[in-house]
Amino acid sequence: MRKSNLPFLALFLIAISPHAQADQPLRLIKTVFLPGYVGDFEHFAADLKGNRLFLIAEDHKTVEVLDIRTGRRIHTIAGFGQPHAIEYLAGPNSLVVTEGDEESGAVDLVSASNYKILDKIMLPTNVDGGVFNPVNKYYYVESGAQGQDAKTHLLSIIDTQSFKRMGDITLPGTKSEAMAIDHSGRKLYVNLRDPDEIGVVDLLTGRLVTRWPIPEAKSQNALVLNEPNHRLFSATHTPPKLFVFDIDTGKVIASLPCAVNSDDMGYDPVRKRIYITGDGEASVFEQHDADHYVHIAEVPTGYRARTSIFVPELNRLYLGVASRGKREAGKLAVPEPGSKVEVRIYQAQP
């Protein structure tokens, strides 16, 4: 009788699997389950000094406070409507959280000491993302277009020191997505949805000064500024692509396919890598120089693991893995029994 080779094959696969993961640019080092949570996530914020990681639990309508090294859940902050974006302010030890839906919009000031909501500023409906300017300490918050026929939307300016609304910047299109601000605090780069362009805002005048079309693509979401190389990275959904812009000319330098339905992007300045997280995988690109980019890996992650943050100081990528189930209008309607929600921690490899 001929003996089966299956036991030997199994042993071989077990032996090589750690090496296979080690060859990847990202190595999974920790998986932390969040029992009692159902739904999707939005964005992260890091507090390195306080050893904390903050995660927007969008469908749960909370902010989850995690230990940044172990992933252990420390606290849950409740009391939000529909939270979206979050920023940790080290000076006052506070959080700024945006919240909004089709009926309301607001930005909240939260104590990061006792986790209480201290103040709230009401804004137009469909508030989504935000970006902090460390130079003037302003937080810029996106709202959706007001009305079906509206051709513009607002970027509200929030002074985080007085927590007052200082004014608005009018932008073209129905909404904005991710934003980035240069080191001088003078220029803001933003993904403009419908008209599917990159917008450049002069923050001193509050005016949109430049618009760069995205060729043959739309629904751009994640965005990262690589200022030392004068480059801007933007990821689109249709088709799923990474676009590299020259911020001096507005021209596209490179474009490469990336993860589907991406939501976040990180830049690793040590390894010169770009991490784009989408449905089920993270796309990893290597920047050879300002003009040349190579796709080096698709790292399997988890279901709808689009929410992420790369923390350069720890060389770690954090991912939120959402609940499985039936979705309606992009929201979880019927959870799949036994579906687990988790945070995964990946270590960047040399």
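The model shown is predicted, which means the values in this text are computed figures rather than measured ones.
- Applying the side-chain contact (heavy atoms from CB on, under 4.5 Å) test to Lys61 and every residue at least two apart in sequence or in another chain returns Gln82, Pro83.
- Aromatic pair Phe41/Tyr37: centroids less than 6.0 angstrom apart.
- Legend: residues meeting ring pair (Phe, Tyr, Trp, His ring centres under 6.0 Å) with His237, ordered by chain and number and at least two apart, are absent.
- Taking the charged nitrogens against the carboxylate oxygens, Lys251 and Asp248 have no contact shorter than 4.0 Å, which rules out a salt bridge.
- With sequence neighbours excluded, no residue forms a salt bridge (charged side-chain N to carboxylate O under 4.0 Å, His left out) with Glu87.
- Applying the ring-ring contact (aromatic ring centres under 6.0 Å, His included) test to residues at least two apart or on different chains, the pairs with a partner in residues 238-261 are Trp212-Phe245.
- Among residues two or more places apart in sequence or in another chain, the side-chain contact (heavy atoms from CB on, under 4.5 Å) test is passed with Gln146 by Pro124, Thr125.
- Evaluation of the side-chain hydrogen bond (donor to acceptor under 3.5 Å, both in side chains) rule for Asp149 yields no partner, not counting sequence neighbours.
- The ring pair (Phe, Tyr, Trp, His ring centres under 6.0 Å) check on His75 picks up Tyr115, with sequence neighbours excluded.
- Hydrophobic clustering, with ILVMFWY side chains joined whenever heavy atoms are under 4.5 angstrom apart, groups Ile74 together with Val97.
- Contacts of Tyr88 classified as ring pair (Phe, Tyr, Trp, His ring centres under 6.0 Å), with partners at least two apart in sequence or in another chain: Phe54.
- With side-chain heavy atoms closer than 4.5 Å counting as contact, directly or through intermediates, the hydrophobic cluster containing Tyr140 also holds Val131, Tyr138, Leu155, Ile157, Met166, Ile169, Leu171, Met179, Ile181, Leu188, Val190, Leu192, Val201, Leu203, Leu208.
- For His295, the ring pair (Phe, Tyr, Trp, His ring centres under 6.0 Å) partners at least two apart in sequence or on another chain are Phe285.
- For residues 200-211, every residue pair satisfying the side-chain hydrogen bond (donor to acceptor under 3.5 Å, both in side chains) rule, not counting sequence neighbours, is listed here: Glu197-Arg211.
- Contacts of Arg69 classified as salt bridge (charged side-chain N to carboxylate O under 4.0 Å, His left out), with partners at least two apart in sequence or in another chain: none.
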